[in-house]
Trainee: 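Got a structure for you, written out below as structure tokens; questions coming shortly.
All values reported here derive from a predicted model rather than from experimental measurement.
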Amino acid sequence: MTIRDRLKAAVPHQVTTQVRSSLTRYGERTSDRRPLPDFLITGTKRGGTTSLWRYLLEHPLVPRLFPAWNTKTSHYFEENWGRGEAWYRSHFPTERHRRALERRHGGPVRVGEAAPLYMFHPLVPQRVADLLPDVRLVFLLRDPVERAYSHWKERRTEGKEPLDFAVALDREEERTAGERERLIADPTYFSEAYDWYTYRARGRYLEHLEPWLESFDPAQLLILPSETLYAEPAASHARVLEFLGLPPHRLAAYEAHNHRRSGSMDPGVRAELCAYFAPHNAALAERLRMRFDWS
């Protein structure tokens, strides 16, 4: 049974509000029996996080979030920080559930979530370091030119982006002015503009990675080019499983999830973006001592 089939089986189309509220309250009441996650997939948006998350959920030792309709993330460290640790813990399986899976499949269980905005939010690295000092972190980094265009396509399809791509790029600073500063000043604030319209800013990867590099041991970080995941999904999946300390588990197929087809980017816009990101990409490659086959 595929992940999608299991989701349909676990979450009927018409789950009543009462049932949802009941399960949510139950998760919070039992939060002291729910260990914090072992890993986070964070970054970048439109970089393959959904696909990798789905691949990991196919492993018998990687349980889903709780309740079942929480498909990928709690959004705790950026959008729901004010709800507190007990609320966050309520999203993860109980210790009893973990032990049952370990007995059935030989262990060890690894629990996590996938949240691309965690990498980009200015307060998240320290929040994660304080609450999850031993967590394992997976960062997917996609060619920032292609990432920006894919980000725009998604927002356009969702009806949240009225502007053409070139205009949206030109107006990014205007539309997001002051949002980062407000996020830092007000720990409870969540900015839709900072999430929706940061096409260039999200692709300046090094400035967003630095706080993570400073806060965590290098052994806790796995940085993987998205293009490698796309071209070699089985090998990339195996590498992530090894990094997380999970036994091998090859899938029958590696479907690309959340993929969006569209027309090609305007050549002039592409050339401008390539020039814009070139120094940022060079600094990233030098800092990480990695090679990225990007434009």
Trainee: Can you confirm whether L222 sits close enough to F139 that some side-chain heavy atom of one is under 4.5 Å from a side-chain heavy atom of the other?
Mentor: no

Trainee: Show the nearest heavy-atom pair for residues S215 and A129, with the distance to one decimal.
Mentor: CB-CB, 4.1 Å

Trainee: Going through the checks in order, is the side chain to side chain donor-acceptor pair (under 3.5 Å) test met by T176 and R180?
Mentor: CA-CA 8 Å; T176 62; R180 181 179 175 86; over 6 Å; no

Trainee: With the 4.5 Å side-chain cut-off for hydrophobic clustering, are L36 and V135 part of the same group?
Mentor: yes

Trainee: Do the side chain of E179 and the main chain of A193 share a donor and acceptor less than 3.5 angstrom apart?
Mentor: no

Trainee: Are the side chains of Y118 and T73 in touch, meaning some heavy atoms are under 4.5 Å apart?
Mentor: yes

Trainee: What distance do L117 atom CG and S191 atom OG have between them, rounded to the nearest 0.5 Å?
Mentor: 9.5 Å

Trainee: Evaluate the side-chain proximity of L56 to L241: yes if any heavy-atom separation is below 4.5 Å, no if none is.
Mentor: yes

Trainee: Considering non-hydrogen atoms only, spot the tightest contact between Y276 and H280 and give its length.
Mentor: O-CD2, 3.3 Å

Trainee: Run the ring-ring contact (aromatic ring centres under 6.0 Å, His included) test against Y76 and tell me which residues pass, sequence neighbours left out.
Mentor: W81, Y88

Trainee: Between R34 and R89, is there a donor-acceptor pair closer than 3.5 Å when you use the side chain of the first and the backbone of the second?
Mentor: no

Trainee: Any idea which heavy atoms bring G43 and T49 closest together, and the distance?
Mentor: O-CG2, 3.6 Å

Trainee: Is there a side chain to side chain contact (heavy atoms under 4.5 Å, CB included) between L288 and L209? Walk through the geometry before answering.
Mentor: CA-CA 10 Å; L288 300 180; L209 279 173; 4.2 Å; yes

Trainee: Considering residues at least two apart in sequence or located in another chain, which fulfil the ring-ring contact (aromatic ring centres under 6.0 Å, His included) criterion with Y194?
Mentor: F120

Trainee: Looking at R270, R46, H151, which hits side-chain hydrogen bond (donor to acceptor under 3.5 Å, both in side chains) with E146?
Mentor: R270

Trainee: Can you hop from L224 to L251 via hydrophobic side chains spaced under 4.5 Å?
Mentor: yes

Trainee: Can you hop from M290 to L206 via hydrophobic side chains spaced under 4.5 Å?
Mentor: yes

Trainee: Whether E28 and R25 form a salt bridge (side-chain N of Lys/Arg under 4.0 Å from carboxylate O of Asp/Glu) is what I want to check.
Mentor: no

Trainee: Does R127 form a salt bridge (charged side-chain N to carboxylate O under 4.0 Å, His left out) with E78? I'd like the steps, not just the answer.
Mentor: CA-CA 9 Å; R127 289 172 175 175; E78 18 88 339; over 6 Å; no

Trainee: Between the main-chain N or O of G82 and the side-chain N or O of T188, is there a donor-acceptor pair closer than 3.5 Å?
Mentor: no

Trainee: Mind running side chain to side chain contact (heavy atoms under 4.5 Å, CB included) on L57 and K72 for me, showing each step along the way?
Mentor: CA-CA 10 Å; L57 283 186; K72 193 167 84 168; over 6 Å; no

Trainee: Anything under 30° is parallel, anything over 60° is perpendicular, the rest tilted; go ahead and classify W152 against Y149.
Mentor: parallel

Trainee: At what distance, to the nearest 0.5 angstrom, does CD1 of I223 lie from OH of Y205?
Mentor: 12.0 Å

Trainee: Give me the atom names and distance for the closest heavy-atom approach of G112 to W53.
Mentor: O-CH2, 3.0 Å

Trainee: Going by side chain to side chain donor-acceptor pair (under 3.5 Å), name the pairs with one or both residues in residues 218-237, residues two or more places apart or in two chains.
Mentor: E227-W294, H237-Y254

Trainee: Treating R175 as the side-chain partner and W196 as the backbone partner, does any N or O pair qualify as donor plus acceptor under 3.5 Å?
Mentor: no

Trainee: Under a 4.5 Å cut-off applied to non-hydrogen side-chain atoms, are H91 and E113 in contact?
Mentor: no

Trainee: When rounded to the nearest 0.5 angstrom, what distance separates CG in N80 from CH2 in W87?
Mentor: 3.5 Å

Trainee: Please answer: with hydrophobic residues joined when any side-chain heavy atoms are less than 4.5 Å apart, are L244 and L65 in the same cluster?
Mentor: yes

Trainee: If you compare all heavy atoms of S31 against all heavy atoms of A86, which two are closest, and at what distance to 0.1 Å?
Mentor: CB-O, 3.3 Å

Trainee: Under a 4.5 Å cut-off applied to non-hydrogen side-chain atoms, are P37 and L132 in contact?
Mentor: yes

Trainee: If you look only at pairs with a residue in residues 96-105, which of them pass as a salt bridge (charged side-chain N to carboxylate O under 4.0 Å, His left out), with sequence neighbours excluded?
Mentor: D38-R98

Trainee: H121: what forms a ring-ring contact (aromatic ring centres under 6.0 Å, His included) with it, not counting sequence neighbours?
Mentor: none

Trainee: Do F190 and V124 share a hydrophobic cluster, counting only Ile, Leu, Val, Met, Phe, Trp and Tyr and linking them when any side-chain heavy atoms are less than 4.5 Å apart?
Mentor: no

Trainee: Quick check on the 6.0 Å ring-centre criterion: do Y55 and H59 meet it?
Mentor: no

Trainee: Taking it one step at a time, do L52 and V240 satisfy side chain to side chain contact (heavy atoms under 4.5 Å, CB included)?
Mentor: CA-CA 9 Å; L52 179 57; V240 173; 4.1 Å; yes

Trainee: Would the distance check show the side chain of R147 and the main-chain N or O of Y199 forming a donor-acceptor pair, the cut-off being under 3.5 Å?
Mentor: yes

Trainee: Using 0.5 Å steps for rounding, measure from the CG atom of L273 to the CG atom of D266.
Mentor: 10.0 Å

Trainee: Salt bridge check, R171 against D164: does any charged N sit closer than 4.0 Å to a carboxylate O?
Mentor: no

Trainee: Count the heavy atoms belonging to other residues, nucleotides or ligands that lie under 6.0 Å from CD of E95, then report whether that count exceeds 12.
Mentor: yes

Trainee: For P108 versus G245, what's the shortest heavy-atom pair and its separation?
Mentor: CG-O, 3.5 Å

Trainee: Find out whether D293 and R291 are in side-chain contact, i.e. whether some heavy atom of one side chain is under 4.5 Å from a heavy atom of the other.
Mentor: yes

Trainee: Please list all pairs meeting salt bridge (charged side-chain N to carboxylate O under 4.0 Å, His left out) that have one or both residues in residues 272-289, counting only residues at least two apart or in different chains.
Mentor: R200-E272, E210-R287

Trainee: State whether Y197 and R155 meet the cation-pi test: NZ (Lys) or CZ (Arg) under 6.0 Å from the six-membered ring centroid, and within 45° of the perpendicular axis.
Mentor: no

Trainee: Can the positive tip of R136 be found less than 6.0 Å from the middle of the six-membered ring of F39, inside 45° of the ring normal?
Mentor: no

Trainee: Indicate yes or no for a side-chain donor-acceptor contact from R202 to the backbone of T44 under 3.5 Å, with no hydrogens or angles considered.
Mentor: no

Trainee: Using 0.5 Å steps for rounding, measure from the CE atom of M119 to the CG atom of L140.
Mentor: 10.0 Å

Trainee: Tell me, with the steps shown, if I41 and L137 meet side chain to side chain contact (heavy atoms under 4.5 Å, CB included).
Mentor: CA-CA 6 Å; I41 302 173; L137 300 161; over 6 Å; no

Trainee: Contact between L169 and L163 at the side-chain level, heavy atoms closer than 4.5 Å - yes or no?
Mentor: no

Trainee: Look only at the side chain of E161 and the backbone of K153, and say whether a donor-acceptor pair between them is shorter than 3.5 Å.
Mentor: no

Trainee: What distance do T198 atom OG1 and E173 atom CD have between them, rounded to the nearest 0.5 Å?
Mentor: 12.5 Å

Trainee: Is the side chain of T94 donor-acceptor paired with the backbone N or O of H97 at a distance under 3.5 Å, no angle test?
Mentor: yes

Trainee: Do M265 and V145 touch side chain to side chain, with heavy atoms closer than 4.5 Å?
Mentor: yes

